[in-house]
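A short write-up of the structure that comes next.
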Amino acid sequence: TPESDVSSKSIEAAANNINAHRNRLVEWSNKWKITFEPTKSHSVLISTLRSLKRQHPPIYLGPDSPALSAESSFTQLGILFDDKLLFNQHITQMARIAGFRLNTISRLSRILSQSDSVKMYKAFIRSQLEYGSIIWMSANKSHLKLLDNIQSRAMRIIGIEKSLWSSYNILPLDHRRQVTALATIYRMFLKSCPTLLKSKLPELSSSNPNSNPTRTTRSTSKPRHLYHLNVATLLNSKKDVRKNGNKKLDNNQYKRVFLYASSIVWNDLPSDVIGTIDSDATPPQDASSLSTFKKRASHHLLNRDPEELLS
């Protein structure tokens with residue numbers, strides 16, 4: 001799609017900028033023979049400011065099209081984005097769907113073995129609970145707990161005590177989300193990584209291991225690995241946004257966002273967990289190295305000092 005900078009400090013100016021750039025959208029759609037249906041298109045104002053009025057000037061797709069209807073959420077590739085990016089609605093919806101699927105496992109568990117029931121849980125329920133997790137992992141813990149309850153309920157139905165979960169490779173969902181996030185950062189170093197995703201990778205820290213420590217814990221005394229990320233660049237971005245009047249980064253939600261939270265955990269990983277990343281490797285080698293890293297990262301996170309765990 002055509003890219004345009006329509007940022008502004010006021011809602012009215014932002015809406016006007018979008019309307020001013022609509023000609024580019026019309027030119028792009030004409031070039032590629034694409035027609036937009038205004039009645040199926042919507043506008044969503046995303047902000048965490050409580051004092052913000054949720055109304056904005058009308059936005060038009062074209063000079064002769066009606067104004068877009070204003071909505072409080074939208075769904076993209078199966079993920080529901082609300083206007084505050086809390087993802088509470090999305091997680092509640094996931095938990096409800098998973099609950100319906102649990103009923104199927106409950107009926108079939110009488111004729112299936114425990115191992116087969118676990119396979120069904122992993123294939124039809126856990127995969128759905130983890131879909132797109134790096135996007136909504138910043139959600140409130142009370143809502144993420146709904147997903148944990150689904151897994152606990154599934155294991156009770158199958159008849160597996162919690163002390164035996166690990167023998168069936170049933171790990172805590174928050175642990176699996178963290179491993180997925182670290183694997184995404186690892187992938188951002190690889191040649192096969194999509195350009196847009198790769199561009200979001202923070203710059204590497206200085207080679208000086210004593211410069212700009214990111215955390216004041218015992219982990220800062222460990223030698224840095226070669227792929228240590230400069231989290232300060234993300235903090236600078238936070239200050240820039242806050243200076244422009246957006247307070248969304250002043251709360252703990254920002255600290256739970258994928259790139260910030262996972263970069264801190266990534267920096268704490270030992271060198272032997274990350275190994276040597278061959279950024280010029282071909283895709284098959286990428287897949288092999290990524291799989292190895294995920295196993296090492298999972299083992300490290302399960303066995304690290306509890307005092308080093310993020311709050």
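- With Trp165 as the aromatic partner, Lys162 meets the cation-pi criteria of under 6.0 angstrom to the ring centre and within 45 degrees of the ring axis.
- When side chains are defined from C-beta on, Leu144 does not count as touching Asp174, because their heavy atoms never get closer than 4.5 Å.
- When hydrophobic clusters are built by joining Ile, Leu, Val, Met, Phe, Trp and Tyr residues whose side-chain heavy atoms come closer than 4.5 Å, directly or via intermediates, Ile97 is not grouped with Ile105.
- Taking OG of Ser205 as the reference point, atom NE2 of His225 lies at 8.5 Å (rounded to 0.5 Å).
- Smallest separation of non-hydrogen atoms from Asn169 and Arg126: O-NH1, 3.4 Å.
- Here the shortest heavy-atom pairing between Gln114 and Gly159 reads NE2-O, 2.9 Å.
- In terms of heavy atoms, Leu45 sits closest to Asp83 at O-CB, 3.2 Å.
- Between Tyr121 and Ile160, the closest side-chain pair of non-hydrogen atoms is not below 4.5 Å.
- Annotation: the span from Ser298 atom OG to His300 atom NE2 amounts to 11.0 Å, rounded to 0.5 Å.
- Judged purely by atom type and a 3.5 angstrom limit, Lys198 has no side-chain atom pairing as donor or acceptor with the backbone of Ser192.
- Ring planes of Phe87 and Phe81: perpendicular class, angle over 60° (limits at 30 and 60°).
- Heavy-atom neighbours of Tyr131 OH from other residues, nucleotides or ligands within 6.0 Å: above the threshold of 12.
- With a 6.0 Å radius and a threshold of 12 heavy atoms from other residues, nucleotides or ligands, Lys294 has its NZ atom at or below the threshold.
- Atoms NZ and OG, on Lys84 and Ser73 in that order, are 13.5 Å from each other to the nearest 0.5 Å.
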For Arg176 and Ser133: C-alpha separation, side-chain torsions, deciding distance, then whether side-chain contact (heavy atoms from CB on, under 4.5 Å) applies.
CA-CA 10 Å; Arg176 290 178 57 84; Ser133 61; over 6 Å; no
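- Between Leu182 and Leu301 the shortest side-chain heavy-atom distance falls below 4.5 Å.
- Inter-residue side-chain proximity for Lys119 and Asp116 is flagged as met; some heavy-atom pair is nearer than 4.5 Å.
- Pairing each heavy atom of Tyr227 with each of Trp266, the nearest pair is O-NE1, 2.8 Å.
- Partner of Ile91 under the side-chain contact (heavy atoms from CB on, under 4.5 Å) criterion, out of Leu80, Leu147, Leu129: Leu147 alone.
- At least one side-chain heavy atom of Ser41 sits under 4.5 Å from a side-chain heavy atom of Leu68.
- Looking at every heavy atom in both residues, Glu130 comes nearest to Leu173 through OE2-CD2, 3.9 Å.
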List the steps, then state whether side-chain contact (heavy atoms from CB on, under 4.5 Å) holds for Tyr186 with Ser289.
CA-CA 9 Å; Tyr186 186 96; Ser289 60; 3.4 Å; yes
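- Leu201 contributes atom CG, which lies 7.5 Å from atom CG of Leu259 (distance to the nearest 0.5 angstrom).
- Between Arg96 and Phe100 the shortest side-chain heavy-atom distance falls below 4.5 Å.
- Ring orientation note: the planes of Trp136 and His90 are tilted relative to one another, at an angle of 30° to 60°.
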Derivation and outcome, side-chain contact (heavy atoms from CB on, under 4.5 Å), residues Ile274 and Phe293
CA-CA 6 Å; Ile274 298 178; Phe293 167 75; 4.2 Å; yes
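- The shortest side-chain heavy-atom distance between Ile185 and Val265 does not fall under the 4.5 Å cut-off.
- Linking ILVMFWY side-chain heavy atoms closer than 4.5 Å, directly or via other members, places Val44 and Leu86 in two distinct hydrophobic clusters.
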Between Ile150 and Leu102, is the side-chain contact (heavy atoms from CB on, under 4.5 Å) condition met? List the steps.
CA-CA 8 Å; Ile150 291 292; Leu102 273 180; 4.1 Å; yes
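- Checked by atom type and distance alone, the side chain of Gln151 never pairs as donor or acceptor with a backbone atom of Ile125 at under 3.5 Å.
- Leu146 places none of its side-chain heavy atoms less than 4.5 Å from the side chain of Met94.
- Distance check: Phe258 CZ to Ser138 OG gives 11.5 Å after rounding to the nearest 0.5 Å.
- The line from OG1 of Thr75 to CD of Gln89 is 9.0 Å long, rounded to the nearest 0.5 Å.
- Nearest approach of Ser106 to Ile157, heavy atoms of both residues: CA-CG2, 3.6 Å.
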